[in-house]
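Numbering of ligands and ligand atoms starts at 1, following listing order.
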Amino acid sequence: MPDPRFIPPVAGLLQGRVIAVTGASDGIGRAVAIAAAQHGAQVILIGRSARKLEAVRNAIVADHGEVATIAVLDLEKALAGDYDRLAAAVLEHYGRLDGLVHCAAILGALTPIEQYDVPQWCRVLHINVTAAFVLTQVLLPALRLSADASVIFTSSGVGRQGRAYWGAYAVSKFAVEGLSQVLAAEMSGNTTVRVNVLNPGPVRTLMRRQAFPSEDADALTTPQVVAEQYLWLLGPQTRDLTGQSIDCQ
Ligand code: NAP
């Protein structure tokens, strides 16, 4: 029997679902948002650049109609009120949330721990972990109102096995794995919210190019291909799957 993760998503898989995606302006997040809309979801595009989000929204609306809204939120600078306003807007506009996909992250510096710049360390940990925690926390009331909600965090191979020079990024991804496990355990049994983490593997994006500037990007998997795994975790067939850490490749 084929691995269900690799079966292409069927048309209408996410029909009627409301899915929020961070990092929706680029790379994997952008591909997930577009693929979710393509499969019937209403999508909330979260990112820091209104201009880039508008371009993604226009692409979605051109093909699928008015199924995308924009939420500008800079995860480095957002304050409590910004998160609260976003959560209130989601409840007011949609009445619930069926999926929350965390793709936003920064790489930081690839530097030995001995020389790692402390403010840079704090920035990476804040964007990659703390902001994802806060956003999840404020959106949990909306997720609890869904019959079948899926929270997906995005990790990395260096978040499972430490690797020299990956510094704050690697540590942030270990933390994301931990956050996912803790939240999954807390949601299990008494809610309909499932929580999992995906490791995309090497994917052709700006972040990958930043980390490996001289590699042949054409040889890498595209964001569109890994987006299918996110759709699988957002769809009804994984409603009983929680607390898992899954490799896309
Ligand atoms: P990417 O193309 O660089 O996209 C990163 C996204 O995060 C962009 O949308 C970016 O927004 C957003 N972002 C960065 N800082 C932000 C902030 N302060 N506030 C709000 N949004 C912010 O990277 P990607 O490769 O798609 O990465 C997606 C996820 O996959 C990340 O969690 C990454 O760690 C993980 N991952 C990627 C790979 C890979 O090979 N690509 C491998 C393993 C894990 P802007 O467009 O405004 O910059």
Is the closest heavy atom of Ser155 to ligand 1 under 4.0 Å?
yes

Could you walk me through whether Asn199 and Ile246 pass the side-chain contact (heavy atoms from CB on, under 4.5 Å) test, one step at a time?
CA-CA 6 Å; Asn199 166 23; Ile246 298 163; over 6 Å; no

Side chain or backbone, does Lys52 bring an N or O within less than 3.5 Å of an N or O on ligand 1?
yes

Report yes if some N/O of Ile28 lies less than 3.5 Å from some N/O of ligand 1; otherwise report no.
yes

Out of Thr205, Asp26, Ile127, Val101, whose heavy atom is nearest to atom 25 (O) of ligand 1?
Thr205

Under a 4.0 Å N-O cut-off, is there an ion pair linking Arg51 with Glu54?
no

Under 4.0 Å between a side-chain nitrogen and a carboxylate oxygen: does that hold for Glu215 and Arg208?
yes

In terms of heavy-atom contacts, Cys103 and Thr22 come closest through N-OG1, 2.9 Å

Thr154 and Pro200 have their tightest heavy-atom pair at CG2-CG, 3.6 Å

Nearest to atom 48 (O) of ligand 1, what protein heavy atom do you find, and at what distance?
Arg48 NH2, 2.7 Å

Using distance alone, decide if ligand 1 has a nitrogen or oxygen within less than 3.5 Å of any nitrogen or oxygen in Ala24.
no

Check for me whether Gly201 has a heavy atom closer than 4.0 Å to any atom of ligand 1.
yes

among protein heavy atoms, the one nearest atom 23 (O) of ligand 1 is Met207 CB, 3.4 Å

Which atoms from ligand 1 have a heavy atom of Tyr169 less than 4.0 Å away?
33 (C), 34 (O), 35 (C), 36 (N), 44 (C)

Would you tell me whether Ser25 and Arg30 have side-chain atoms, one donor and one acceptor, within less than 3.5 Å of each other?
no

Is it true that Arg85 and Glu92 make a salt bridge, defined as a side-chain N closer than 4.0 Å to a carboxylate O?
no

Which value, rounded to the nearest 0.5 Å, describes the distance between Leu145 atom CG and Leu97 atom CG?
9.5 Å

Could you list which atoms of ligand 1 come closer than 4.0 Å to a heavy atom of Gly27?
2 (O), 26 (O)

Which of the atoms in ligand 1, numbered in the order shown and given with their element, are less than 4.0 Å from a heavy-atom of Ala105?
5 (C), 7 (O), 14 (C), 31 (C), 32 (O), 34 (O)

His102 vs Phe153 aromatic rings, parallel, tilted or perpendicular, using cut-offs 30° and 60°?
parallel

Identify the protein heavy atom lying closest to atom 21 (N) of ligand 1, giving its residue, its atom name and the separation to 0.1 Å.
Ala104 CB, 3.8 Å

Is Val176 close enough to touch ligand 1? Criterion: a residue heavy atom under 4.0 Å from a ligand atom.
no

Classify the contact between Pro200 and ligand 1 as side chain, backbone, both or neither, using a heavy-atom distance cut-off of under 4.0 Å.
side chain

Give the residue, atom name and distance (to 0.1 Å) of the protein heavy atom nearest atom 30 (O) of ligand 1.
Thr154 CG2, 3.3 Å

Purely on distance, is any nitrogen or oxygen of Ser49 under 3.5 Å from one on ligand 1?
no

List every atom of ligand 1 that sits less than 4.0 Å from any heavy atom of Ile106, numbering the atoms from 1 in the order shown and giving each element.
14 (C), 15 (N)

Nearest protein heavy atom to atom 6 (C) of ligand 1, by residue and atom, and its distance?
Gly23 CA, 3.9 Å

Given side-chain contact (heavy atoms from CB on, under 4.5 Å), test Arg57 with Lys52 step by step and report yes or no.
CA-CA 9 Å; Arg57 197 186 94 84; Lys52 289 179 78 171; over 6 Å; no

Run the side-chain contact (heavy atoms from CB on, under 4.5 Å) check on Thr242 and Val193 step by step: do they pass?
CA-CA 8 Å; Thr242 196; Val193 181; over 6 Å; no

Nitrogen or oxygen atoms of Leu75 and ligand 1 under 3.5 Å apart
yes

Working note: Thr221 + Gln249, criterion side-chain contact (heavy atoms from CB on, under 4.5 Å); need CA distance, chi angles, decisive distance, verdict.
CA-CA 9 Å; Thr221 299; Gln249 299 182 55; 2.9 Å; yes

Report yes or no: does a heavy atom of Lys173 sit under 4.0 Å from some atom of ligand 1?
yes

Which of the numbered atoms in ligand 1 are below 4.0 angstrom from a heavy atom of Leu73?
19 (N), 20 (C)

Atom 18 (N) of ligand 1: closest protein heavy atom, distance to 0.1 Å, is Asp74 OD1, 3.0 Å

Among non-hydrogen protein atoms, atom 29 (C) of ligand 1 lies closest to Cys103 O, 3.1 Å

Closest approach of any protein heavy atom to atom 45 (P) of ligand 1, naming residue and atom
Ser25 OG, 3.4 Å

Residues Asp148, Arg194: salt bridge by 4.0 Å N-O rule
yes

What's the separation between atom OG1 in Thr111 and atom CD in Gln120, rounded to the nearest 0.5 Å?
7.5 Å

Is any side-chain N of the basic residue among Asp26 and Arg48 closer than 4.0 Å to the acidic one's carboxylate O?
no

Which atoms of ligand 1 are found less than 4.0 Å from any heavy atom of Pro202?
40 (O)

Within 4.0 Å of some non-hydrogen atom of Glu76, the atoms of ligand 1 are 18 (N)

